[in-house]
Undergrad: 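One structure follows; several queries about it will come next.
All heavy atoms count here, side chains included; hydrogens, waters and symmetry mates do not.
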Amino acid sequence: MAKIKKDTNLRKAILQAAITGQLISNVKGETKTGKELLDKIIEERNAKLLVQWEEAKKKNPKAKKPTPIVASEIAEDEIPFEIPKSWCWCRLGELGLYRKGPFGSSLTKSMFVPRSEFSVKVYEQKNAIQKDFTLGDYYIPKEKFNSMQSFIVEPEDIIISCAGTIGEVYKLPQNAPIGIINQALMRVKLYNDELSAFWMLYFDYVLKKEASKQSSGTAIKNIPPFEILKAYPFPLPPLAVQNAIVAKLEEVLPLVDAYENAVLQKEELKTALPDKVKKAILQEAIQGKLTKSWRKTTTIEESGKQLLDRIIEERNAKLLVQWEEAKKKNPKAKKPAPIVASEITEDEIPFEIPESWCWCRLGDVGITNTGATPSKNNPEYFGNFIDFLSPGDIQNSIITYGKQGLSEAGYKVARPTPSGTIIQVCIGGSIGKCAVVDREVTFNQQINSITTICSNTQYIYYVLSSEYFQKIIIEYSTGTATPIINKSSWEKLYIPLPPLAEQEKIVEIIEQILPLCEKLGG
C-alpha cells in the first residue's frame with residue numbers, strides 16, 4: 001500500500017491567511033502602522049550609526065560621516081500579494097543583520113577542545129533543525145573565539161540551517177550560552193527583537209522556499225551572505241497585530257497538528273477519524289493547552305480552587321435550605337453535616353495542569369444521582385408522562401427521546417433529573433457514553449447523572465467525554481465480562497477544574513473546531 005502523505009492544506013491556508021492579514025488584519029485600539037514601525041527601526045539605526053561615528057572620530061578625526069539609511073522602495077511588480085493598509089512592505093535586510101558561518105580553514109576540527117570554563121560553544125546545524133541549543137560537542141578555546149567575533153551568536157539570536165535541510169529557523173532562548181556559528185548556519189540579529197516571532201513565521205512559510213530556489217545545488221551555503229534574500233520583500237504589520245497573529249496561531253496550530261496527524265491514517269480509519277481528532281482536541285482542552293495563549297492575555301480573577309470553594313459553599317447552603325424545609329414536616333430532622341472538598345493525593349494526579357486550575361473529585365462539582373427502574377410488575381408506572389432513558393438511548397452525545405416513558409405514578413417513584421444534567425452510562429459495552437439532557441427526564445439504574453453547580457456544564461461534559469475520563473471509568477470499574485462502576489466510585493473520579501471564565505473559553509474553542517472534525521469522515 002502506498003504511503004499516505006501528510007495533508008498540510010489546512011495548515012497552509014491558515015499560515016497564508018496569517019501572513020497576508022486575513023487571519024488578523026488589525027487590533028482594536030491599535031493606532032500605530034507598519035510604516036511607523038519601519039521608520040522607528042531605521043531612525044534608531046541611524047542614531048546608532050552616528051554614535052559609532054562619534055566614537056570613531058576620537059581615534060580618527062577624518063572618519064567619514066555615515067550616509068543616513070532610508071527605507072528601500074518596492075516596485076509594484078515585486079509585491080507578491082495584497083496586505084492591509086496598516087501594514088507596509090519593506091526588505092528583509094532592513095529588519096536585521098545576517099551573518100553566515102565561516103568557511104575553509106577558519107574553523108576546523110583540529111581547533112576543537114573539550115568543554116570547560118576556558119572554551120566556547122560552536123553551534124551546529126542540528127541545533128537549528130532540532131530546535132535544541134544543548135546539542136553538540138564542539139568547543140573552541142576562548143582565544144580563538146576572541147578572533148572570530150564576527151560569527152558570534154548570543155541568547156535570543158535566530159539561527160538558520162543553511163546546508164542540506166535548509167531554512168529551519170530557531171530562536172536561541174535566554175539561557176543559551178554565547179558561542180559562534182559553524183559553516184552550516186546563518187545568524188540573524190533583528191534590530192527589534194519583538195519582530196522575531198512574526199519574522200520566523202514568514203521565513204519558515206515563505207522565505208525557506210526562496211532560499212532553496214536561490215541556492216546552488218541543494219544547499220544555500222554557496223550564496224553570498226544573504227545578498228539575494230536580504231532584498232526579498234517582507235510584509236510588516238504593526239507590532240500589536242504581529243503579536244495577535246502569533247497568539248492566534250499558538251491557539252489554532254496545535255489543533256491543526258492533531259488534525260494533520262489523524263488525516264495520515266484516514267484511508268484505514270476513515271470512519272474513526274472524527275473520533276480520533278475529537279479525542280486529541282479534548283485531551284488538549286482538559287490539560288489547558290488549548291487556552292495557553294488565552295491565559296497569557298487574561299487576568300484570572302477566580303482560580304479553580306476558589307471556584308471549588310464557592311461550589312462547596314453553594315452546596316452547603318442548599319443543604320441548609322432543604323433541612324429548614326424538612327424541619328417544617330419533622331422538627332427532629334437531623335441537620336446535615338457540611339460538605340468538604342475531597343483531598344487528592346499527589347500520586348493520584350495523572351497529568352500536569354496550569355497553576356490556576358485545581359484537581360477535584362467529580363462529585364464535588366455538583367449533585368450526583370443514579371437512575372432507578374420502577375417495578376415492571378406495575379404496568380401503571382409506564383406511559384407518556386416523562387421520558388425514561390436506558391443506555392441504548394445515548395449515542396455520541398445524541399439522546400433518542402420517546403422510546404420509553406413513565407406515567408405520573410412512575411414519575412413519583414423514579415429519580416427525575418432536571419434539564420441541563422449530564423448523564424453517563426455506567427455499565428456494559430456502552431460504559432462511558434454521555435450526553436446533556438435538554439429536558440427533565442428519568443433513567444434506569446445503568447446510568448449515573450450529575451447536575452453541575454457554579455460550573456460550565458458543557459466543560460464538565462467534555463471532561464467526561466475525554467479519552468482520559470473514559471479510561472479511568474474502565475480502570476475503576478468492577479467485573480470483567482461486563483464492567484460496571486457504581487455511583488460511589490464514579491463520583492470519586494478526579495477531574496481538572498479550571499477557573500469558570502477559562503471553562504467558558506475552552507467550550508468556545510472546542511465548539512469552533514468540532515464541526516470541522518465531523519466533516520473529516522464525510
Undergrad: Hey, are the side chains of Val321 and Lys318 touching, using non-hydrogen atoms and a 4.5 Å cut-off?
TA: no
Undergrad: Just list the side-chain donor-acceptor pairs under 3.5 Å for residues 413-422, sequence neighbours left out, or say none.
TA:
from   : atom 1 : to     : atom 2 : distance (Å)
Arg415 : NH1    : Thr370 : O      : 2.9
Arg415 : NH1    : Gly371 : O      : 3.4
Thr417 : OG1    : Thr421 : OG1    : 3.1
Ser419 : OG     : Asp438 : O      : 3.3
Ser419 : OG     : Arg439 : N      : 3.4
Thr421 : OG1    : Pro418 : O      : 2.9
Thr421 : OG1    : Thr451 : OG1    : 2.8

Undergrad: What's the shortest heavy-atom distance between Ser161 and Ala128, and which atoms?
TA: N-CB, 4.0 Å
Undergrad: Determine whether Glu355 and Lys305 satisfy the following criterion, salt bridge (Lys or Arg N to Asp or Glu O under 4.0 Å), listing intermediate values before the conclusion.
TA: CA-CA 10 Å; Glu355 290 184 4; Lys305 178 61 172 64; over 6 Å; no
Undergrad: Rounded to the nearest 0.5 Å, how far does CG of Leu190 lie from CG of Leu195?
TA: 6.0 Å
Undergrad: Look at the rings of Tyr468 and Tyr494 and say which category their plane angle falls in: under 30° parallel, 30 to 60° tilted, over 60° perpendicular.
TA: tilted
Undergrad: Can you check whether Glu508's main-chain N or O pairs, donor with acceptor, with Glu511's side chain at less than 3.5 Å?
TA: no
Undergrad: For the backbone of Gln22 and the side chain of Ser25, can you confirm whether one donor and one acceptor N or O come within less than 3.5 Å of each other?
TA: no
Undergrad: Just by distance, do the side chain of Trp490 and the backbone of Cys426 share a donor-acceptor pair under 3.5 Å?
TA: no
Undergrad: Would you give the length of the straight line joining atom CG of Leu497 to atom CG of Asp364, rounded to the nearest 0.5 angstrom?
TA: 9.0 Å
Undergrad: Determine whether the side chains of Glu156 and Gln174 contain a donor N or O and an acceptor N or O closer than 3.5 Å.
TA: yes
Undergrad: State, to 0.1 Å, how close Pro235 and Ile83 come at their nearest heavy-atom pair, and which atoms those are.
TA: CB-CG2, 3.9 Å
Undergrad: Without hydrogens or angle criteria, can the side chains of Thr457 and Thr452 be said to hold a donor-acceptor pair below 3.5 Å?
TA: yes
Undergrad: Got a second to check how far Leu307's CG is from Ser356's OG, nearest 0.5 Å?
TA: 11.5 Å
Undergrad: Are there over 12 heavy-atom neighbours, none belonging to Glu313, within less than 6.0 Å of that residue's CD?
TA: no
Undergrad: If every non-hydrogen atom of Ser375 is compared with every non-hydrogen atom of Phe382, which pair is closest and at what distance?
TA: O-CE1, 3.8 Å
Undergrad: Report the C-alpha distance between Gln404 and Ser390 in whole Å, list the side-chain angles of each, state the deciding distance to 0.1 Å, and finish with yes or no for side-chain contact (heavy atoms from CB on, under 4.5 Å).
TA: CA-CA 9 Å; Gln404 303 175 79; Ser390 61; 3.3 Å; yes
Undergrad: With no hydrogens and no angle check, is any side-chain donor or acceptor of Asn369 less than 3.5 Å from a backbone partner on Asn448?
TA: no
Undergrad: Output, in order, the C-alpha distance, side-chain angles, deciding distance and verdict of side-chain contact (heavy atoms from CB on, under 4.5 Å) for Leu282 and Ile510.
TA: CA-CA 8 Å; Leu282 293 184; Ile510 290 175; 3.8 Å; yes
Undergrad: Under 3.5 Å, is there a donor-acceptor pair linking the side chains of Gln445 and Thr373?
TA: yes
Undergrad: Would you call Lys121 and Asp137 a salt bridge, taking side-chain N to carboxylate O under 4.0 Å as the test?
TA: no
Undergrad: A side-chain contact here means heavy atoms from C-beta on lying under 4.5 Å apart; do Tyr462 and Ile286 qualify?
TA: no
Undergrad: Is there a side-chain contact (heavy atoms from CB on, under 4.5 Å) between Ile474 and Ile431? Walk through the geometry before answering.
TA: CA-CA 8 Å; Ile474 299 297; Ile431 191 169; 3.4 Å; yes
Undergrad: Output yes when a side-chain donor or acceptor of Asp157 lies under 3.5 Å from a complementary backbone atom of Glu154, and no otherwise.
TA: yes
Undergrad: Answer with yes or no whether the side chains of Thr345 and Asp347 bring together a donor and an acceptor at under 3.5 Å.
TA: yes
Undergrad: Do you see a donor-acceptor pair shorter than 3.5 Å between the side chains of Gln395 and Lys433?
TA: yes
Undergrad: Should we count NZ of Lys131 as having more than 12 external heavy atoms under 6.0 Å?
TA: yes
Undergrad: Between Ser293 (side chain) and Ala247 (backbone), is there a donor-acceptor pair under 3.5 Å?
TA: yes
Undergrad: Ignoring hydrogens and geometry, is there a side-chain-to-backbone donor-acceptor pair from Asn182 to Ala184 under 3.5 Å?
TA: yes
Undergrad: Look up atom CD1 in Ile349 and atom CZ in Phe351, then write down how far apart they are to the nearest 0.5 Å.
TA: 10.0 Å
Undergrad: Quick one about Thr291 and Lys505 (side-chain donor to acceptor, distance below 3.5 Å, no hydrogens or angles considered), yes or no?
TA: no
Undergrad: Between Arg310 and Glu302, is the salt bridge (Lys or Arg N to Asp or Glu O under 4.0 Å) condition met? List the steps.
TA: CA-CA 10 Å; Arg310 182 158 63 92; Glu302 179 187 55; 2.8 Å; yes
Undergrad: Taking atom CG of Asn175 as the centre, does the number of heavy atoms from other residues, nucleotides or ligands within less than 6.0 Å exceed 12?
TA: yes
Undergrad: Begin with the C-alpha distance, continue with both residues' side-chain angles, and end with the deciding distance and a verdict on ring-ring contact (aromatic ring centres under 6.0 Å, His included) for Tyr202 and Phe234.
TA: CA-CA 8 Å; Tyr202 192 72; Phe234 185 95; 4.9 Å; yes
Undergrad: Quick one, Pro155 and Phe133 - any side-chain contact, counting heavy atoms below 4.5 Å?
TA: no
Undergrad: About how many Å separate CD1 of Ile495 and CD1 of Ile450, when rounded to the nearest 0.5 Å?
TA: 6.5 Å
Undergrad: For side-chain contact (heavy atoms from CB on, under 4.5 Å), just list the numbers for Glu82 and Trp87, CA-CA rounded to whole Å, side-chain angles, deciding distance to a tenth of an Å, and then say yes or no.
TA: CA-CA 10 Å; Glu82 291 187 8; Trp87 297 26; over 6 Å; no
Undergrad: Could you check if a side-chain atom of Ile160 sits within less than 4.5 angstrom of a side-chain atom of Val188, using non-hydrogen atoms only?
TA: yes
Undergrad: Please say whether more than 12 non-hydrogen atoms of neighbouring residues, nucleotides or ligands are located less than 6.0 Å from CD in Glu343.
TA: no
Undergrad: Taking the side chain as C-beta and beyond, is there a heavy-atom pair between Met200 and Tyr205 under 4.5 Å?
TA: no
Undergrad: Does a donor on one side chain and an acceptor on the other come within less than 3.5 Å for Tyr461 and Gln424?
TA: no
Undergrad: State whether Lys289 and Glu352 are salt-bridged, where the test is any N-O pair (Lys NZ or Arg NE/NH1/NH2 against Asp/Glu carboxylate O) under 4.0 Å.
TA: no
Undergrad: Any donor-acceptor pair under 3.5 Å linking the side-chain atoms of Gln283 with those of Ser466?
TA: no
Undergrad: Heavy-atom distance under 4.5 Å between the side chains of Cys360 and Val365, does that happen here?
TA: yes
Undergrad: Quick one: does Pro391's side chain get under 4.5 Å of Asn444's, heavy atoms only?
TA: yes
Undergrad: Measure from NZ or CZ of Lys403 to the centre of the six-membered ring of Tyr401 and say whether it is under 6.0 Å with the direction within 45° of the ring axis.
TA: no
Undergrad: With distance as the sole test, does Gln470 use its side chain to make a donor-acceptor pair with the main-chain N or O of Gly432 at under 3.5 Å?
TA: yes
Undergrad: Could you walk me through whether Lys292 and Glu251 pass salt bridge (Lys or Arg N to Asp or Glu O under 4.0 Å), step by step?
TA: CA-CA 7 Å; Lys292 182 178 179 181; Glu251 183 179 293; over 6 Å; no
Undergrad: What's the spacing between Leu236 CG and Phe198 CZ if we round to 0.5 Å?
TA: 8.0 Å
Undergrad: Check the side chains of Trp357 and Glu502 for a donor-acceptor pair under 3.5 angstrom, ignoring hydrogens and angles.
TA: yes
Undergrad: Under 3.5 Å, side chain of Arg295 to main-chain N/O of Gly288, donor-acceptor pair present?
TA: yes
Undergrad: Given 3.5 Å as the limit, does a donor-acceptor pair link the side chain of Asn486 with the main chain of Ser489, or not?
TA: yes
Undergrad: So do the side chains of Lys248 and Leu23 get within less than 4.5 Å of each other, counting heavy atoms only?
TA: yes
